[in-house]
Amino acid sequence: MMELIPSGARPRPILDMSYSRHFLDFQGSSIPSSMKKLVVTKLNSNFREAVALRQDAPVPLPGDGDLLVRKRFIGINASDINYSAGRYDTSVKPPFDVGFEGIGDVVALGLSASARYTVGQAVAYMAPGSFAEYTVVPAKQAVLLPSVKPEFLTLMLSGATAYISLKELGELTEGKKVLVTAASGGTGQFAVQLSKKAKCHVIGTCSSDEKADFLKSIGCDHPINYKTENLGAVLRRDYPEGVDVVYESVGGKMFDLAVNSLATKGRLIVIGFISGYQNPTGLQPIKAEMLPAKLLKKSASIQGFFLNHYLSEYKMAMQHLLTMCESGELVCEVDLGDMSPEGKFTGLESVFRAIDYMYMGKNIGKIVVELPNSVNSKL
């Protein structure tokens with residue numbers, strides 16, 4: 001028997017299409033009916049095999065509480081290949097959209113969304129499906145920006161991960177010794193700087209002298225190039241009592257070294273394990289059989305950090321990070337691929353190159369892809 005719905009129980013959504021059309025022309029920039037986007041067509045940790053570029057995807061229409069954002073920059077993350085491999089949500093089957101974050105201009109919006117936003121504003125957002133020329137973003141999830149600068153994009157996932165994880169789990173106090181692995185990467189650069197702001201002694205691992213120089217420039221006390229130095233030996237020699245906090249994103253042998261380097265009551269924060277993501281399992285083997293004994297002997301701890309579980313802290317973190325970025329207190333290093341073999345990462349086609357570049361360990365700072373303005377604009 002069909003349940004009767006009392007009159008007025010479900011308010012009719014506002015579908016004022018005349019209002020929507022009013023915004024579909026942004027200062028002379030017409031919104032096309034189709035766009036390019038990247039789509040996962042089969043589950044695979046090899047991004048090139050998993051993902052296809054669609055040329056004719058329909059441009060989505062914003063609902064009542066939504067913004068339509070025309071993308072100017074998109075962020076590349078190590079976890080992009082975890083997503084394309086189906087590791088985050090095993091119930092989702094291809095095809096599905098890929099990419100986690102972007103910044104751009106609001107070019108259309110729904111009626112309710114117009115209470116807080118207007119066409120032409122710069123916004124950032126974090127939501128699956130960002131590898132597209134246009135994205136519908138719920139207004140409540142958008143972060144208003146002073147302008148569209150790629151530096152702001154470094155904060156969305158990478159900066160927020162470092163800020164919230166160290167604040168909630170790091171217990172940083174003056175004089176503590178902090179080891180940051182992959183320290184010159186997208187999120188490592190922020191872990192270094194935020195630890196320095198807490199007056200800690202910061203050690204950073206990296207894979208080249210150029211990266212070591214960058215780390216010195218952002219305040220790292222002891223950069224260690226593990227390609228030319230024996231990391232374990234250096235840590236044992238220079239920090240015989242161990243390190244108090246490890247911000248760890250590499251996994252495998254680096255994780256084992258980090259565990260062995262913990263001080264009494266030391267804390268290791270796992271924010272990722274990039275060394276294993278390209279493997280079929282997503283993991284590199286670690287020496288886990290001795291782990292309980294090692295932790296017990298030092299009263300040490302290991303804790304995972306996944307940003308999605310801390311979203312209640314997100315707006316506060318972003319406001320603080322944006323303020324520091326704008327005032328010049330925080331270096332937000334962007335790698336647009338200028339030094340990559342085929343040059344700057346421009347257009348969705350170059351996302352594949354950008355991910356290869358990341359996994360070759362070439363980037364300094366956050367890898368960002370620029371999407372050229374594909375429409376005719378009078379701006």
Is any NZ, NE, NH1 or NH2 atom of the basic residue among Lys211 and Asp213 found under 4.0 Å from an Asp or Glu carboxylate oxygen of the other? no
Gln278 versus Asn46, side-chain donor and acceptor atoms under 3.5 Å: no
Trace of the side-chain hydrogen bond (donor to acceptor under 3.5 Å, both in side chains) decision for Glu101 with Ser130: CA-CA 5 Å; Glu101 58 183 340; Ser130 75; over 6 Å; no
How many angstroms lie between atom CD of Gln193 and atom CG of Leu166, to the nearest 0.5 angstrom? 12.0 Å
Are side-chain N/O atoms of Asp64 and Ser112 paired as donor and acceptor at under 3.5 Å? yes
Polar side chain donor-acceptor pair, Tyr247 to Thr187, under 3.5 angstrom: yes
Any chance NE2 of His320 has more than 12 other-residue heavy atoms, nucleotides or ligands included, within less than 6.0 Å? no
Validation row: Ser195, Leu172 side chains within 4.5 angstrom (heavy atoms): yes
Side chains of Ile74 and Leu348, heavy atoms from C-beta outward: is any pair under 4.5 Å? yes
Write down the atom of Gly343, the atom of Ser340, and the distance for their closest heavy-atom approach. O-OG, 2.7 Å
Can Arg267 and Asp244 be counted as an ion pair, charged N to O under 4.0 angstrom? no
Any side-chain donor-acceptor pair under 3.5 Å between Glu329 and Ser327? yes
Answer whether the closest heavy-atom distance between the side chains of Val351 and Phe47 falls below 4.5 Å. yes
Any chance the side chains of Asn279 and Thr281 put a donor and an acceptor closer than 3.5 Å? no
With a 4.5 Å cut-off on side-chain heavy atoms, are Val243 and Val178 touching? no
Could you go through Phe100 and Phe131, starting from their C-alpha distance and side-chain angles, then the distance that decides it, and tell me whether this counts as ring-ring contact (aromatic ring centres under 6.0 Å, His included)? CA-CA 8 Å; Phe100 293 123; Phe131 291 164; 7.9 Å; no
Interatomic spacing from CG in Leu109 to CD in Gln121 - rounded to 0.5 Å: 9.0 Å
Looking only at side-chain N and O atoms, does Lys294 offer a donor or acceptor that is under 3.5 Å from a partner on Asn260? yes
Side chains of Met156 and Met318, heavy atoms from C-beta outward: is any pair under 4.5 Å? yes
I need the minimum non-hydrogen distance between Pro62 and Gly110, along with the two atoms involved. CB-N, 4.3 Å
Show your working on side chain to side chain contact (heavy atoms under 4.5 Å, CB included) between Leu322 and Val143 and close with a plain yes or no. CA-CA 10 Å; Leu322 278 167; Val143 176; 3.9 Å; yes
Tell me whether Ile81 shares a hydrophobic cluster with Val39, the cluster being built from Ile, Leu, Val, Met, Phe, Trp, Tyr side chains joined at under 4.5 Å. no
Could you tell me whether the side chain of Arg236 and the main chain of Leu231 form a donor-acceptor pair under 3.5 Å? no
When you check the gap from the basic side-chain N to the acidic O, do Lys176 and Glu171 get nearer than 4.0 Å? no
Value rounded to 0.5 Å, distance of NZ in Lys298 from OG in Ser261: 7.0 Å
Looking at Lys297, I'd like to know if its NZ atom is crowded, meaning that more than 12 non-hydrogen atoms belonging to other residues, nucleotides or ligands lie closer than 6.0 Å. no
CD (Gln319) and OH (Tyr314) are apart, to the nearest 0.5 Å, by 11.5 Å
For the residue pair Leu144 and Arg116, establish whether any side-chain heavy-atom pair is separated by less than 4.5 Å. no
Under a 4.5 Å cut-off applied to non-hydrogen side-chain atoms, are Leu38 and Asp97 in contact? no
Given side chain to side chain contact (heavy atoms under 4.5 Å, CB included), test Val245 with Leu262 step by step and report yes or no. CA-CA 7 Å; Val245 179; Leu262 284 172; over 6 Å; no
Evaluate Ser275 against Lys253 for side chain to side chain contact (heavy atoms under 4.5 Å, CB included), listing each step before the verdict. CA-CA 9 Å; Ser275 64; Lys253 291 177 181 175; over 6 Å; no
In Å, rounded to the nearest 0.5 Å, how long is the span from OG1 of Thr181 to CD1 of Ile224? 11.5 Å
Check this for me, if you would: do Glu241 and Lys177 make a salt bridge, where the nitrogen-to-carboxylate-oxygen distance has to be below 4.0 angstrom? no
Return the minimal non-hydrogen interatomic distance between Ala191 and Ala162, and the atom names on each side. N-CB, 3.7 Å
Ignoring hydrogens and angles, state whether a donor on the side chain of Glu370 or Thr346 is under 3.5 Å from an acceptor on the partner side chain. no
Is Phe214 reachable from Val180 through a run of I, L, V, M, F, W or Y residues, each pair having side-chain heavy atoms under 4.5 Å apart? yes
Hey, is the main chain of Ala78 close enough, under 3.5 Å, to the side chain of Tyr359 for a donor-acceptor pair? yes
Verify the ring-centre separation between Phe96 and Tyr83: is it less than 6.0 angstrom? yes
Between Thr135 and Lys71, is any side-chain donor less than 3.5 angstrom from a side-chain acceptor? yes
Check for me, please, whether Leu336 and Leu153 land in the same ILVMFWY cluster - side-chain distances under 4.5 Å, paths through other members count. yes
Are any of the side-chain heavy atoms of Leu295 and Ile302 separated by less than 4.5 Å? yes
Checking side-chain polar atoms at under 3.5 Å, does Ser79 have a donor or acceptor matched by the opposite partner on Tyr88? yes
Kindly compute the distance separating CZ (Phe305) from CD1 (Ile271), expressed to the nearest 0.5 Å. 9.0 Å
Please determine whether the number of non-hydrogen atoms from other residues, nucleotides or ligands lying under 6.0 Å from atom NZ of Lys362 exceeds 12. no
If every non-hydrogen atom of Leu268 is compared with every non-hydrogen atom of Ala258, which pair is closest and at what distance? CD1-CB, 3.6 Å
Is any side-chain N of the basic residue among Asp356 and Arg48 closer than 4.0 Å to the acidic one's carboxylate O? yes
Heavy atoms only: give me the nearest Ala132-Leu371 pair and the separation to one decimal. O-CD1, 3.7 Å
Other residues, nucleotides and ligands only: do more than 12 of their heavy atoms fall within 6.0 Å of NZ on Lys265? no
On a heavy-atom basis, the closest approach of Gln141 and Met126 is OE1-O, 4.3 Å
I'd like to know if Asp335 pairs up with Lys366 as an ion pair, taking the criterion as any Lys NZ or Arg NE/NH1/NH2 lying under 4.0 Å from an Asp or Glu carboxylate oxygen. no
Axial cation check for Phe152 ring with Lys149, 6.0 Å and 45° limits: yes
Can the ring centroids of Tyr163 and Phe190 be said to lie less than 6.0 angstrom from one another? no
Please walk me through it: do Phe255 and Phe273 pass ring-ring contact (aromatic ring centres under 6.0 Å, His included)? CA-CA 8 Å; Phe255 174 87; Phe273 32 92; 9.0 Å; no
Same cluster or not: are Met290 and Val246 linked, directly or through other Ile, Leu, Val, Met, Phe, Trp or Tyr residues, by side-chain heavy atoms under 4.5 angstrom apart? no
So, Arg70 and Asp105, do they make that salt bridge, N to O below 4.0 Å? yes
List the steps, then state whether side chain to side chain contact (heavy atoms under 4.5 Å, CB included) holds for Asp256 with Val259. CA-CA 5 Å; Asp256 291 331; Val259 169; 5.7 Å; no
